[in-house]
Amino acid sequence: MSEPNPICVALDTPDLDRARALAKKLKPHAGYLKIGMEFFYAHGAKGYEVVAVEGLPIFLDLKLHDIPNTVAEGMRSLMRLQPSPAIINLHASGGMAMMQAAAEAVGGRAKLIAVTILTSLSNEDIWAAGFNAKLDTGAHAAVLAKLAKAAGLDGVVCSSHDLAGIRAATGSGFLTVVPGIRPAEDASHDQKRVATPKAAVAAGADILVIGRAITSAADPAVAAQKILDELRHG
């Protein structure tokens with residue numbers, strides 16, 4: 001594979017000092033850092049800026065989901081962060097009007113992507129939640145991705161298992177950010193639909209979100225570089 005570096009390290013910790021240390025150490029080895037609810041709810045804008053100032057592009061993973069006006073105003077507030085996030089997201093299941101309002105609020109200043117079906121959910125989980133039982137997770141993810149593209153978004157968050165259907169539904173040039181990435185020797189933890197880094201890239205993933213396999217390693221920088229080397233050189 002070629003540049004850019006597709007590894008997005010998930011800083012899923014409420015510990016500000018640890019997040020800052022990881023951001024500094026991983027800068028030469030990762031393409032992005034992901035800041036999610038666990039960290040942002042603990043430290044807010046000031047904590048975000050402590051991490052973002054280290055220089056890696058930030059994927060701000062807050063998964064907004066509310067009425068269109070509330071989500072749009074939330075996006076306007078988040079885009080005031082400095083430096084502003086490179087990628088920001090919401091739930092596709094919020095619908096067309098919500099996604100359009102969010103896209104207008106972001107105004108192209110960040111890549112706006114939509115969560116389709118969480119990697120922690122199986123077919124049985126989505127059916128129990130009321131999704132159409134005639135369609136599996138992949139089919140539902142493709143429908144939501146197509147809706148997100150129609151709303152003017154830049155891409156989606158999806159399982160590697162759903163990539164083929166999403167690519168067929170949206171065509172080329174639609175960003176795919178894929179969590180649930182585990183090196184072959186690692187445990188799945190709370191994820192049900194996982195893939196190795198190489199398998200995800202082969203399936204069409206643009207960005208790989210990797211958390212504990214890197215952040216819980218004895219040396220996170222070495223762990224990230226090992227994954228990157230395997231992607232680039234086999």
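Positions are given from 1 along the sequence. Bear in mind that the values here come from a model prediction, so they are computed numbers and not experimental data.
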Would you tabulate the side-chain donor-acceptor contacts of residues 140-151 under 3.5 Å, counting partners in other chains and residues two or more places apart, or write 'none'?
unit_1	atom_1	unit_2	atom_2	d
His140	NE2	Asn132	O	3.1
Lys149	NZ	Thr170	O	2.3

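- Residues near Leu135 contribute nothing to a hydrophobic cluster around it, because no ILVMFWY side-chain heavy atom sits closer than 4.5 Å to its side chain.
- The distance from the CG atom of Leu56 to the CG atom of Leu26 is 7.5 Å, given to the nearest 0.5 Å.
- Remark: side-chain polar atoms of Arg167 are not paired, donor with acceptor, to backbone N or O of Ser172 under 3.5 angstrom.
- If you check the side chains of Asp162 and Ser159, you find no donor sitting under 3.5 Å from an acceptor.
- With rounding to the nearest 0.5 angstrom, the CD1 atom of Ile88 is 6.5 Å from the CG atom of Leu62.
- Here the closest non-hydrogen pair linking Leu121 and Thr137 is O-CG2, 4.0 Å.
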**Message:** What verdict does the side chain to side chain contact (heavy atoms under 4.5 Å, CB included) test give for Val156 and Leu175, after you've listed the backbone C-alpha separation in whole Å, the side-chain angles of each residue and the deciding distance to 0.1 Å?
**Reply:** CA-CA 6 Å; Val156 290; Leu175 185 66; over 6 Å; no
Indicate every side-chain donor-acceptor pair of residues 75-87 with a distance under 3.5 Å to a residue at least two apart or in another chain.
unit_1	atom_1	unit_2	atom_2	d
Arg76	NH1	Glu73	OE2	2.8
Ser77	OG	Glu73	O	3.2
Ser77	OG	Arg80	NH1	3.4

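- Applying the ring pair (Phe, Tyr, Trp, His ring centres under 6.0 Å) test to pairs two or more places apart or on separate chains, those with a residue in residues 6-41 are Phe39-His43.
- Looking only at distances, no side-chain donor or acceptor of Asp136 sits under 3.5 Å from a matching main-chain atom of Asn123.
- Pairing each heavy atom of Ile7 with each of Ala224, the nearest pair is CD1-O, 3.5 Å.
- Side chain of Thr176 to main chain of Asp206: a donor-acceptor pair is present (N/O by atom type, distance under 3.5 Å, no hydrogens or angles).
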Quiz: residues 12-24 side-chain donor-acceptor pairs under 3.5 angstrom, not counting sequence neighbours:
unit_1	atom_1	unit_2	atom_2	d
Asp12	OD1	Lys34	NZ	3.4
Thr13	OG1	Asp15	N	3.0
Asp15	OD1	Asp17	N	3.1
Asp15	OD1	Arg18	N	3.0
Asp17	OD1	Arg20	NH2	2.7
Arg18	NH2	Thr215	O	2.3
Lys24	NZ	Glu54	OE1	3.4
Lys24	NZ	Glu54	OE2	3.3

Give the table of side-chain donor-acceptor pairs shorter than 3.5 Å for residues 91-111, with sequence neighbours excluded, one pair per line with atom names and distance.
unit_1	atom_1	unit_2	atom_2	d
Arg109	NE	Val106	O	2.8
Arg109	NH2	Ala105	O	2.7

